[in-house]
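All chains are named by letter (A, B, ...) in the order of the sequence lines, taking the proteins before the strands, and each is independently numbered beginning at 1. All values below were derived from every heavy atom in this structure, side-chain atoms included, with hydrogens, water molecules and symmetry-related copies excluded. This structure is a prediction, so every number in the text was calculated from the model and none was measured.
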2 protein chains.
Amino acid sequence: MKLSTRGKYGLYAMYYLAQHSGEGPQPLQDIATIGVPKLYLEQLLGNLRREGLISSVRGAQGGYQLARDASEITLLDIVDAMEGPIELSECTSDESACDKSCSCPVRWVWQQVSDSINNELKKIRLSDMLNKPCESEEPTCE
Amino acid sequence: MKLSTRGKYGLYAMYYLAQHSGEGPQPLQDIATIGVPKLYLEQLLGNLRREGLISSVRGAQGGYQLARDASEITLLDIVDAMEGPIELSECTSDESACDKSCSCPVRWVWQQVSDSINNELKKIRLSDMLNKPCESEEPTCE
DNA sequence: CGGAAATCCGATAAAAACAGTCGGGTTTTC
DNA sequence: GAAAACCCGACTGTTTTTATCGGATTTCCG
């Protein structure tokens, strides 16, 4: 189980915007320095905008910025915007697998897990990343 | 974010085996009645076996059965076997995105979430599904 | 022994999702 | 009006997913 690069890229971008909030709109050009292909990133930023997480300013001197304060944006917002809502269950939708047992426990289990994940993601706010002190020793990602 | 059908199919199969534990090996033919393509299911059961979750008996009257008690098998075991370990982070592995900030908070965040998900999955055991009473009203999956 | 029941396994193939690119359009500033 | 930027749909190559197929092997049982 892993999420696609969209989730990662999306968070990178959001983190960048959080770091530069208050500095006016950040052009794609600059955001792309986080190491995401520029043209691809443009697509992804489109998603984030359509989901209302960021706003954009068109024209020269334009760019992207957070649509609301970093403390009002959760990891869940970002992941949902980039990867769609969490859907572990939805069963096979043909009844053959399920209606033999009353209210299929498989479905119940996935629901449990989805709820937990959603809760965890909702707990973490974008601002938490800004405030996190540098306590660790390792300087680079693996 | 959703898991592939493998996760679902895998859990269906394990649930079936749990329901029939103590009845001797269940042939693929029977397990497939849960609504999974037989030939595909065969592959998946191979994974579960190689991961040590189930054992198989070859030859006539053979089949598959749980390798240990349902109470000793967690959802995490199953998901890991079917989808590989949870890998939200692993960063982009080229350092351009990360080493500008000391111990990249993006990585930290994904680690947090992965841990939470793993914990949740580990909490739920296969036996929990068997013991769950039929309290709900809806008889079929959506 | 020999056939039937079953698992095992690698190769293949179709379909979908993902990752990224491209070209042209629009908006805004200076 | 030119340049800077976002906007957007279409397209392409690659990878992953979801299977299917053919045959090999193992085991039971009469």
If every non-hydrogen atom of A/Gly7 is compared with every non-hydrogen atom of B/Trp110, which pair is closest and at what distance? O-CZ2, 3.8 Å
Pick base, sugar-phosphate or nothing for B/Leu45, based on heavy-atom distances below 4.0 Å to the nucleic acid. nothing
Could you give the CD-to-P distance, from A/Glu42 to C/dG24, as a whole number of Å? 15 Å
Applying side-chain contact (heavy atoms from CB on, under 4.5 Å) to B/Ser21 and B/Gln65, what does each step give before you reach the verdict? CA-CA 7 Å; B/Ser21 70; B/Gln65 52 200 337; over 6 Å; no
Scan B/Gly46 against the nucleic acid and name what it touches under 4.0 Å (heavy atoms): base, sugar-phosphate only, or nothing. nothing
Spacing between A/Lys38 atom NZ and C/dT21 atom P, to the nearest angstrom: 11 Å
Can you tell me the distance, in whole Å, between the CD atom of A/Glu83 and the P atom of C/dC18? 8 Å
Working for side-chain contact (heavy atoms from CB on, under 4.5 Å), residues A/Gln26 and A/Tyr64: CA-CA 5 Å; A/Gln26 302 292 310; A/Tyr64 301 89; 5.6 Å; no
Sequence neighbours excluded and cut-off under 3.5 Å, please list the side-chain donor-acceptor pairs for residues 40-53 of chain B, or say none.
unit_1	atom_1	unit_2	atom_2	d
B/Asn47	OD1	B/Arg50	NH1	3.1

B/Leu28 has an atom CG; how far is it from atom P of C/dC9, in whole Å? 14 Å
Would you mind reading off the distance between B/Tyr40 atom OH and C/dC9 atom P, rounded to a whole angstrom? 18 Å
Mind running side-chain contact (heavy atoms from CB on, under 4.5 Å) on A/Lys38 and A/Ile31 for me, showing each step along the way? CA-CA 8 Å; A/Lys38 192 163 54 169; A/Ile31 307 176; over 6 Å; no
Would you state whether a donor and an acceptor, one from the side chain of A/Arg58 and one from the base of C/dT27, lie under 3.5 Å apart? no
Could a donor-acceptor pair under 3.5 angstrom be found where the side chain of A/Gln43 meets the base of C/dT21? yes
Between A/Thr74 (side chain) and A/Asp77 (backbone), is there a donor-acceptor pair under 3.5 Å? yes
Taking for each residue the nucleotide of DNA chain C with the nearest heavy atom, is it A/Thr5 or B/Gln26 whose nucleotide lies nearer the 5' end? B/Gln26
Starting at CG of B/Leu44 and ending at C1' of C/dT7, how long is that distance when rounded to a whole Å? 15 Å
Tell me the interatomic distance from A/Leu41, atom CG, to C/dT21, atom P, rounded to whole angstroms. 12 Å
Using the closest heavy atom to pick a nucleotide of DNA chain C for each, name whichever of A/Gly59 or A/Pro37 lands nearer the 5' end. A/Pro37
From CG of B/Leu39 over to C1' of C/dA6, roughly how many Å is that when rounded to an integer? 13 Å
Between B/Arg49 and C/dT7, is there a contact of a side-chain N or O with OP1 or OP2 at under 4.0 Å? no
Taking 5' to 3' order, which nucleotide of DNA chain D is first and which is last to have an atom within less than 4.0 Å of a heavy atom in chain A? D/dA4 to D/dA10
How close do B/Asp80 and B/Pro85 get, counting heavy atoms only, and between which atoms? OD1-CA, 3.6 Å
